[in-house]
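A short worksheet on the structure shown next.
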Amino acid sequence: MPFAKQEREIEENFLFFLSAAPGLMAAHEGEFALLRQKRIVALYSTAAAAAAAGHDQFSDSIFSVQRVIDKPYDLGFLSNGSSNGAIV
Amino acid sequence: MVQATGRLSDGKPIIDVVVVESIGSQPETETGYTNLALPVRPYRALIDTGATISCVCKHVVKSMNLRPYGRIPMIGSTGQSFHKTYIVTLGLMYGGEGQADYAPNPLSFYQIDPGEVAEIENNAWFDLIIGTDILTRFTFTLRKGGAFSLDLS
């Protein structure tokens, strides 16, 4: 499976980030967190900047990027497609 | 005026886009107008003013070998689900048929700053969704009769 190590890193960091995000909202809402091994390395104004910093800092490119938000994105049209939000 | 134009397809505003994975695997290029003869594959993108983030279908992720970067919660009519995210550069193809500047070859597209997109299931109508995160950078006009345009000026 391509990106298997990266997928694991994303999952672990995401679970950590769910608990960390509320504390970041006041000062960093909408910014993008660069995460490595369940730790926030830094925050950036764009996803691309966070990803570029991750590739620069970590030679194995194992890291994740999470946006600081307190509510889910809206699926829009797609959500009307089926009972599970997927249309096939 | 440079515009991405189209007409409703099955009642849906669909435009042609190209996808470039620029972060970590491709050389960076400047945002703006590009006029290149590249072996890029056009995809069909739904313009969806109800989506707050742009999306890519799973088959696009697979064919472009996109690298995942994170996960996000998304909510729809049936509740919340979690989706993988990718950071991609999209190019909006401009100069539709009937336009004075229509030029099918070389391929013409307006390249947008790389941004976060969410993965969604495949479907029969489109390959990507252009949400309000991208739409709000331009002027979108839907006209009587179903023609629409996205002003890229």
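Proteins come first, then strands; the chains are lettered A, B, ... in the order of their sequence lines, and each starts at number 1. All heavy atoms count here, side chains included; hydrogens, waters and symmetry mates do not.
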>> If hydrophobic clusters are built from ILVMFWY residues whose side chains come within less than 4.5 Å, do A:L18 and A:F16 share one?
In response: no
>> Quick check: closest heavy atoms across A:Q66 and B:G70, and the distance to 0.1 Å?
In response: OE1-CA, 3.3 Å
>> Check for me, please, whether A:L43 and A:V65 land in the same ILVMFWY cluster - side-chain distances under 4.5 Å, paths through other members count.
In response: no
> What is the distance from atom OH of B:Y69 to atom CG of A:L34, rounded to the nearest 0.5 Å?
Replying inline: 10.5 Å
> Is NZ or CZ of B:R67 both nearer than 6.0 Å to the six-membered ring centre of A:F63 and within 45° of the ring axis?
Replying inline: yes
> Where is the tightest heavy-atom contact between A:A51 and B:I87, given as atom of each residue plus distance?
Replying inline: CB-CD1, 3.6 Å
> Taking C-beta and beyond as the side chain, do A:I10 and B:R71 meet within less than 4.5 Å on heavy atoms?
Replying inline: yes
> Given the rule in the side chain to side chain contact (heavy atoms under 4.5 Å, CB included) test, do A:F32 and B:E116 qualify, once you have shown the distances and angles that lead to the verdict?
Replying inline: CA-CA 10 Å; A:F32 291 84; B:E116 186 181 53; 3.6 Å; yes
> Out of curiosity, does A:F14 fall in the hydrophobic cluster containing B:I75 (side-chain heavy atoms, cut-off under 4.5 Å, transitive links)?
Replying inline: no
>> As an exercise, state the distance from CG of B:L66 to CZ of A:F3, rounded to the nearest 0.5 Å.
In response: 7.5 Å
> Is B:Y43 reachable from B:I134 through a run of I, L, V, M, F, W or Y residues, each pair having side-chain heavy atoms under 4.5 Å apart?
Replying inline: yes
> For the atom pair NZ (B:K84) and CD (A:Q6), what is the distance rounded to the nearest 0.5 Å?
Replying inline: 10.5 Å
> Under a 4.5 Å cut-off applied to non-hydrogen side-chain atoms, are B:P73 and A:I69 in contact?
Replying inline: yes
>> Please classify the contact between A:S61 and chain B as side chain, backbone, both or neither, with a heavy-atom cut-off of under 4.5 Å.
In response: both
> Which atom pair, heavy atoms only, marks the closest approach of B:T52 to A:D74?
Replying inline: OG1-N, 2.8 Å
> Going only through I, L, V, M, F, W and Y residues with side-chain contacts under 4.5 Å, is there a path from B:F138 to B:V88?
Replying inline: yes
> Quick one: what part of A:L35 sits under 4.5 Å from any heavy atom of chain B, side chain, backbone, both or neither?
Replying inline: neither
>> Is the shortest side-chain heavy-atom distance between B:I120 and A:L75 below 4.5 Å?
In response: yes
